Amino acid sequence: MNGSLADVSALEAVDYDPIDHLNMLFPHPSMVTSIGQVSQGLNAHRNVLSSEISSLEVEQAYKPDSSLERMKSAQAELAQLFRKIETVRSRAMETERNITSMTAEIKRLDGTKRNLTLSMTALKRLQMLTTAFEQLRGLSRTRQYRECAGLLQAVIQLMKHFNSYRSIEQIATLSREVSELQRELLEQVCEDFELAFAKSEVAAKRNVLVEACLVTDALGEAAKSRIVTWYVNTVLREYRQVFRGNDEAGSLDNIGRRYAWFRRMIKTHEEEHMAIFPAHWHVGEVLTTAFCDGTREDFKGILERSMRRADGGKVDVNLLLECLQETLDFEQNVEKKFSHEPRASIDTLSSTEEKTHSFNGLISVAFEPYLSLWVDSQDKQLASMMPKYRNQPLIPADEEFSSQAVIPSAIELFHFYKLTLSQCARLSTSDRLLDLSKILSKYLDEYAQQVLLPVLQSGGSQSPTVQNSILVLNTADFWHTNANQLEENIKKRIDTDLAANVDYSSQSDAFLGVASAAVVALVHVVERECEATWREMRNTNWNSMDSAGDQSSYVSELLKHVNTKAEDILALVTKQQYARAFCDNLVEHLATAYINNIVQCRPISEVGAQQMLVDKYALTKSLGNLLSYHSSASSLSQQAPPASFVRRVEHTMNRMDPLLKTLQVRKSPPEGLVQAYLIHIGDGSDTNFKKILELKGIRKQDQAHLMELFGIHRDGSANEKLVKSSPLMTPLMLSGGMGGATGISMNPGAALTAASGARFDAGSLGEKLLSAARDIGTTTGQSTEKATMNENLRNFGKFFRRDIGGLGARFGKGNAEEGQR
């Protein structure tokens, strides 16, 4: 075959691939005819390989160094190795037997030695125990307690080693004698204490009693408990006789005498008795706890008897509150006295578990069933505080105004809430605390309505001053934050199953509503500065203009007033979100005022509308920099306003573009005006189209034809997407006469935040809220009126909350979009 040598080398390749080899042999279909030659070549190659394999097999099988010979040699060596291993194993076993035989005697000797050592140790301990016991018995007779304490600990410790030998009669006898001696020692110590206190010889026998306590400590917890219990009962015996056996001394009127007696008693204990007892016994705390426990039970009985009296079973609330307050003060002082270190549990006198013990509520818990009277008193006290807060000056006479200041009454109310909540939580974490939380939330609403909102009404039509509005804004923000924290604080203290009933979100929203009202009041301050400028705009003859040029003269004056006053106000607004809300609202009100004054400037020619559009562009560009005044107040350089605010200004001011662009269209041909209205305004309302005609000053006799054309074009198939009534045109109210009053009508909801008549009076915002509440509540009574007022404030706050972190506070919108919504 052709290329056979190359073919053979290809077959021997390491990465041989038959497909590649076949492609090499038959690169073209015409080569298939040589398949016979290829087959012969492969057979020849196979025969050569077979011959080579046979030769190699013979060579490996029969030559001297063949594989078979090597295999036989390896098997013989392996058998010899196994024989050697077996020999070694046999010798090892024999050696082990020999060693075991040799060490058996040694093991027996070691066991005997160990037993002998244990016996000698036991005998030595028994000797020590016997000796110590005899010495202890002798020392106990002579009352040498210090030496007794050490020996007693040694005897008790040694006796533990013989617990397993009590089956031996001698050991059992010794154990009984040791127990009897312990009992005798305890009785002896108790006798010494009783004689010393009965004969008033405590000072003389102080050293003996101190050493006796060491013996008691060695006797264990039961002995210590007996001594402490005896001491407590001895000290409190007089207290129980005086205040339990005497109705007059034990009455609530004399609660102060109880605590005075305790102070004298604890002073005597500290000066004369405390040094007798070891510090780790905490005798003073045990004594105080026993006094508190007894006093609590006394109070429970007194209060129960008072409720069962024949005169109706009413407890004197003032007396109850005085007693409760005095008890709380006593518990607080005692807690402070013993709070310097962790104390042993005194639930039982024999407890050794170390844990912090609290005296708070230990006595006052007796008043818990009657806490509703206390909660009612807090209600009355808060009710009396609201008129006082309303009449207080916003700034103390000796202080100056600060842009970060909060009305002092808010701080005072906050501290009152904090103290009241702490007191109630110490007495009850269940229903009474829930009742108190409802009272606190009630007066947060009252504070918002009766204290803060009236400040915004105080200026009347002139609105409150800037300083007062800033104080109200800061105070509302202060309580908006603390209302949420107050809710979390109560939830941490109250029982878990009642936590879901604590909700201060409505109060938080109410204060946010007050903050938004304060922002509107600040906006109104700027609006008042612009009244003369708007008057100049209305006095301009917009119907006789022959050309449109640069911005009108009133625009420069308007921006001067706006920028100057806004800069002064923003320098006093501390938080960025309120500064943004102020700027957003100011832009909204200026846009509303601009639309309102456009209506009052009618008739307006096409050139006049074009000039108004130019003025609008100038206003938009300047108002976009309003927020920069706040950033410059806190930094040396004026920063560029956020892009989101600039877009907000453009969106707000551009909403009047459809109106002005429609007014730019000439009334002839009439189809052009109709089509311009349908394109820009985009509604099918005859009333709204008629407003455009009146704004352009078209005579009534000429309006009929235009109205007819409007109806034809409106009903055409191309205008099927027209809205029923444009949100821009619907609020515009034009009178029948050309010279009548104009304005923007507002629905009841928008009346809270937008213009009424010619402009919005921010100073009367609170009055509008109250008026809306009265209108709704006239048929349901005063309680519904107040509830509606609360709901208005909360909804106002929720609306303000939604925008304060994003596009700004839209609560001040008086435009047609808000009215439509």
Side-chain angles (χ1 to χ4, degrees), residues 57 59-140 144 146-186 214-224 350 352-354:
E57 288 177 348
E59 182 179 353
Q60 289 295 325
Y62 298 106
K63 283 189 176 182
D65 194 21
S66 64
S67 299
L68 185 59
E69 291 293 333
R70 290 198 299 271
M71 187 180 301
K72 290 179 179 180
S73 176
Q75 289 177 349
E77 292 175 356
L78 185 60
Q80 184 180 2
L81 179 61
F82 284 153
R83 286 192 297 271
K84 290 181 180 180
I85 291 173
E86 183 63 25
T87 302
V88 172
R89 189 177 69 85
S90 299
R91 290 179 180 177
M93 293 176 64
E94 181 65 23
T95 302
E96 183 180 2
R97 286 193 294 269
N98 294 335
I99 293 174
T100 302
S101 176
M102 292 171 61
T103 59
E105 294 298 328
I106 298 176
K107 288 181 179 180
R108 282 193 296 273
L109 182 60
D110 287 342
T112 302
K113 180 181 178 181
R114 184 167 53 255
N115 293 335
L116 182 59
T117 302
L118 291 175
S119 299
M120 291 177 65
T121 302
L123 288 173
K124 186 66 175 178
R125 285 174 178 170
L126 182 59
Q127 182 183 6
M128 292 170 61
L129 175 59
T130 305
T131 302
F133 173 71
E134 293 298 332
Q135 291 178 355
L136 178 60
R137 184 155 51 185
L139 292 172
S140 66
Q144 299 181 47
R146 184 175 296 278
E147 292 77 5
C148 283
L151 280 174
L152 181 59
Q153 289 180 349
V155 168
I156 293 174
Q157 189 67 29
L158 288 169
M159 198 65 222
K160 290 180 181 179
H161 294 288
F162 294 95
N163 287 337
S164 58
Y165 300 104
R166 288 188 178 181
S167 59
I168 302 174
E169 182 179 353
Q170 290 81 356
I171 299 298
T173 301
L174 182 59
S175 177
R176 287 192 297 270
E177 290 177 351
V178 169
S179 299
E180 180 64 21
L181 180 58
Q182 288 179 276
R183 187 191 64 78
E184 291 175 357
L185 271 174
L186 178 58
L214 299 178
V215 173
T216 306
D217 228 358
L219 289 173
E221 287 294 328
K224 182 184 77 173
S350 61
T352 58
E353 179 185 1
E354 291 293 325

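As the structure is a prediction and not an experimental result, all values here were calculated from the model.
The CD atom of Q135 lies 10.5 Å from the CE atom of M128; values are rounded to the nearest 0.5 Å. Between the CG atom of L152 and the CE atom of M159 there is a distance of 13.0 Å, given to the nearest 0.5 Å. For the atom pair CD1 of I85 and CZ of R89, the computed distance is 10.5 Å after rounding to the nearest 0.5 Å. The CD atom of E221 lies 11.5 Å from the OG1 atom of T216; values are rounded to the nearest 0.5 Å. Taking CG of L78 as the start and CD of Q80 as the end, the distance is 10.5 Å to the nearest 0.5 Å. The line from CG of L174 to CD1 of I168 is 11.5 Å long, rounded to the nearest 0.5 Å.
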(Q) Run E86 and R83 through salt bridge (charged side-chain N to carboxylate O under 4.0 Å, His left out) and show every step you take. (A) CA-CA 5 Å; E86 183 63 25; R83 286 192 297 271; over 6 Å; no
(Q) Checking L186 against Q182 for the side chain to side chain contact (heavy atoms under 4.5 Å, CB included) test, could you report, in this order, the C-alpha distance in whole Å, the side-chain angles of both residues, the deciding distance, and whether it holds? (A) CA-CA 6 Å; L186 178 58; Q182 288 179 276; over 6 Å; no
Q: Apply the test side chain to side chain contact (heavy atoms under 4.5 Å, CB included) to residues E96 and T100: give CA-CA distance (whole Å), side-chain angles for both, the deciding distance (0.1 Å), then the verdict.
A: CA-CA 6 Å; E96 183 180 2; T100 302; 4.3 Å; yes
Q | Pair R91-T87, side chain to side chain contact (heavy atoms under 4.5 Å, CB included): steps then yes or no | A | CA-CA 6 Å; R91 290 179 180 177; T87 302; 3.9 Å; yes
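Contacts of S179 classified as side chain to side chain donor-acceptor pair (under 3.5 Å), with partners at least two apart in sequence or in another chain: none. Residues forming a side chain to side chain donor-acceptor pair (under 3.5 Å) with Q127 (at least two apart in sequence, or on another chain): none. Annotation: side chain to side chain donor-acceptor pair (under 3.5 Å) contacts of E180 (sequence neighbours excluded): R183. Shown here are the salt bridge (Lys or Arg N to Asp or Glu O under 4.0 Å) partners of R97, two or more places apart in sequence or in another chain: E94. The salt bridge (Lys or Arg N to Asp or Glu O under 4.0 Å) search around R146 returns E211, not counting sequence neighbours. Taking E134 as the reference, R137 meet the salt bridge (Lys or Arg N to Asp or Glu O under 4.0 Å) condition, with sequence neighbours excluded.
Considering E177, E169, R176 as possible partners of T173, the one that fulfils the side chain to side chain donor-acceptor pair (under 3.5 Å) test is R176.
Nearest heavy-atom pair, F133 versus V155, reported as atom, atom and distance to 0.1 Å: N-CG2, 4.0 Å. Residues D217 and K224 approach most closely at OD1-CD, 4.4 Å, considering heavy atoms. A pairwise comparison of heavy atoms in A218 and I156 identifies O-CD1, 3.6 Å as the closest pair. The heavy-atom pair separating S140 from C148 by the smallest distance is N-SG, 3.5 Å. Considering every non-hydrogen atom in both L185 and V215, the closest pair reads CD1-CG1, 4.3 Å.
No donor-acceptor pair closer than 3.5 Å links the side chain of S175 to the backbone N or O of I171.
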